[in-house]
Asker: 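Just passing along the structure, written as structure tokens.
Computed over heavy atoms, backbone and side chain alike; hydrogens, waters and symmetry mates excluded. Whatever order the structure lists them in is the order used to number ligands and atoms, beginning at 1.
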Amino acid sequence: MKKSVFLFFLSFIVNLTYAQPTALQAVEPMFWWTGMQNPNLQLLVYGKNISKKTVTLNYAGVKLVKVNKVENPNYLFLDVVISATAKAGKFAINFSSPQGKPLQYIYELKQKENNKNRIQGVTNQDLIYQLMPDRFANGDKSNDIVLGMKETALNRDSMFYRHGGDLQGIINHLDYIKELGATAIWLTPEVENDMPNASYHGYAVTNHYQIDKRFGSNALYKTFVDKAHQQGLKVIKDVVHNHCGIEHWFIKDLPMKNWVHQWPNYTQTTYKDQTVMDPYVAQADKKEMLDGWFVPTMPDFNQANPYVQNYINQNIIWWVQYAGIDGLRLDTYAYNDIKYMASWAKQIKAEFPNLSIFGETLVNTVVSQAYFTEGNTINQGINTNLPGITDVQIKDAIYDVLNGKYDWTTGVNRLYTVLSNDFIYKDASRNVTFLDNHDMSRFYSIVGEDIKKYKSGLAMLLTTRGIPQIYYGTEILMKNFSNPDGLVRADFPGGWASDSTNKFLASGRTNQENEAFNYLKTLANYRKNTTALQTGKLVQYVPQSGVYVYFRYDKQKTVMVIVNSNNKVTNLKTNRFNEQIGGFKTAKNVIDGTTFAILETLEVPASTTLILELQ
Ligand code: CA
């Protein structure tokens with residue numbers, strides 16, 4: 001998430017009002033499973049003066065070990081231990097007192113599903129397709145406006161309002177995503193954001209256990225994951241540890257003062273990630289970065305509070321187990337309490353060894369993004385247990401290859417240099433690489449709507465190391481600059497029944513859009529079947545005269561990639577690369593299928609990245 005999204009709302013006044021709950025309003029997580037790795041569960045119970053009640057439960061294998069009362073009498077936190085012998089079933093949690101009616105919540109322990117074929121993990125064998133549910137396709141008009149929610153207006157003419165896209169719309173177009181060659185889908189958050197303004201983006205959560213009704217239901221989300229899996233598509237869930245929406249029900253009636261970071265006056269984060277790692281940091285600066293609020297409408301969780309920790313941890317485990325998710329994208333990673341995030345990651349990996357996680361780190365240097373990854377060579381203080389991050393440095397370097405001037409450290413030299421710094425990571429191949437996303441200008445606009453540069457960038461993205469991610473619409477040349485970022489969150493043409501064109505179909509696309517789509521499709525499907533581009537070794541050569549050559553290879557194949565950043569044809573002498581090409585006689589251009597002999601010189605067209613399979 002990027003701060004500029006919310007500048008529009010900076011004038012809003014922070015006002016935490018007190019709400020009156022019903023007798024028993026919430027028990028969360030509302031159900032759980034038998035056979036989980038961690039036997040401990042902490043139930044948040046919310047109801048009017050619930051702390052005045054005596055709590056009992058009686059179920060074989062389930063023990064209520066502690067009833068925690070906190071500042072607000074409307075909350076109880078129940079520490080429960082579920083033994084390995086506990087059987088799936090339902091039992092009553094009783095709340096009684098001398099005065100007043102006894103209350104009861106029927107708690108269910110479900111049989112844990114076998115996760116072997118559902119939680120598969122997202123790795124460098126995948127290509128991620130990122131989309132925003134509100135802006136992709138409207139598969140159910142009946143949920144466009146949900147009465148009782150704070151934002152009811154639907155206005156497709158304004159980038160700030162809801163547009164009606166939903167989970168059913170995505171389900172209806174899974175075949176399209178599959179056809180393109182993607183193997184994983186990352187949705188921006190789909191849980192409830194019952195905010196009065198700009199609620200479509202999903203990063204201001206108001207109910208952690210409920211899919212936003214305008215996107216569908218919890219059951220439909222589970223169906224979406226199942227159907228995606230049936231199509232060979234994995235699912236990544238976007239989760240926000242750092243903050244929630246100010247309209248969240250528990251923010252209206254805080255369990256305790258230190259549930260969120262409170263300041264005498266509204267205090268915003270400085271967005272200065274340097275303070276997290278700076279050895280010379282002023283402690284006041286670090287506190288402001290970490291404990292300041294992202295924006296006035298998003299209270300900052302106090303992640304040092306163990307009740308908050310349990311709440312977030314269990315919520316994410318609940319979603320993964322419930323829906324069978326393959327990976328998690330962690331929003332605003334650098335703003336979190338790093339020690340808490342390290343313990344969270346350890347816990348979730350213990351529960352789901354195959355689950356993949358990557359953190360959003362919109363930072364400025366290789367060192368500062370590597371700082372957040374596990375087992376790196378620089379952060380001696382803490383092991384974050386975080387395998388990968390969003391690799392902004394690769395994106396910026398590819399931009400420089402395409403738009404910058406070739407020089408000692410710029411142009412193709414920049415990408416070469418960034419990759420040469422990979423020694424800093426335990427495993428850089430777990431970073432998510434990308435050219436754009438929902439917070440950034442669209443890639444086609446970045447390259448000045450130059451289709452050659454567009455193809456060249458995609459070629460680098462899909463052939464260098466990492467887990468490549470593309471943003472919906474990139475494949476059909478959607479364009480715009482992210483100021484404001486609603487401009488890069490336009491509706492996918494054809495996702496709405498009333499749309500005049502349908503770009504999900506080749507017949508609805510222009511010739512140039514089909515050229516782009518087919519290029520990415522060809523490349524994505526080639527990558528899908530070429531382990532050398534997924535898990536193969538990378539060898540790169542020092543760039544010369546604006547040309548950068550690298551190889552990906554394994555026992556099956558060797559792929560040679562030649563990036564010509566010059567706007568003129570280059571005749572590349574091949575004898576420099578004998579270490580890799582010795583023994584091969586011909587090369588196949590993987591895009592057009594042409595095969596030719598490897599001669600002393602290779603002709604590389606202007607502003608082109610050639611991908612050659614050596615034979
Ligand atoms: Ca809809």
Asker: Please identify each residue that fulfils side chain to side chain donor-acceptor pair (under 3.5 Å) with Glu515, with sequence neighbours left out.
Answerer: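 With sequence neighbours excluded, Glu515 shows a side chain to side chain donor-acceptor pair (under 3.5 Å) to Lys455, given in chain and number order.
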Asker: Is there a donor-acceptor contact under 3.5 Å from the side chain of Tyr333 to the main chain of Met341?
Answerer: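 Checking the backbone N and O of Met341 against the side chain of Tyr333, no donor-acceptor pair under 3.5 Å is found.
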Asker: Consider only side-chain N and O atoms of Asp212 and Tyr221, and report whether a donor and an acceptor are under 3.5 Å apart.
Answerer: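 Note: Asp212 and Tyr221 side chains miss the donor-acceptor criterion.
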Asker: So what's near the Ca ion (ligand 1), protein N, O or S atoms under 3.0 Å?
Answerer: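 N, O, S partners closer than 3.0 Å: Asn138 OD1, Asp140 O, Asn143 OD1, Asp144 OD1, Gly164 O, Asp166 OD2.
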Asker: Are side-chain N/O atoms of Tyr311 and Gln309 paired as donor and acceptor at under 3.5 Å?
Answerer: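 Absent: no donor and acceptor within the cut-off.
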Asker: Taking atom CG of Leu458 and atom CD1 of Ile398, what is their separation to the nearest 0.5 Å?
Answerer: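 Atom-to-atom, Leu458:CG and Ile398:CD1 are 9.0 Å apart.
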Asker: Does a side chain donor of either Asn197 or Tyr161 reach within less than 3.5 Å of an acceptor in the other side chain?
Answerer: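 Side-chain D/A pair, Asn197 to Tyr161: absent.
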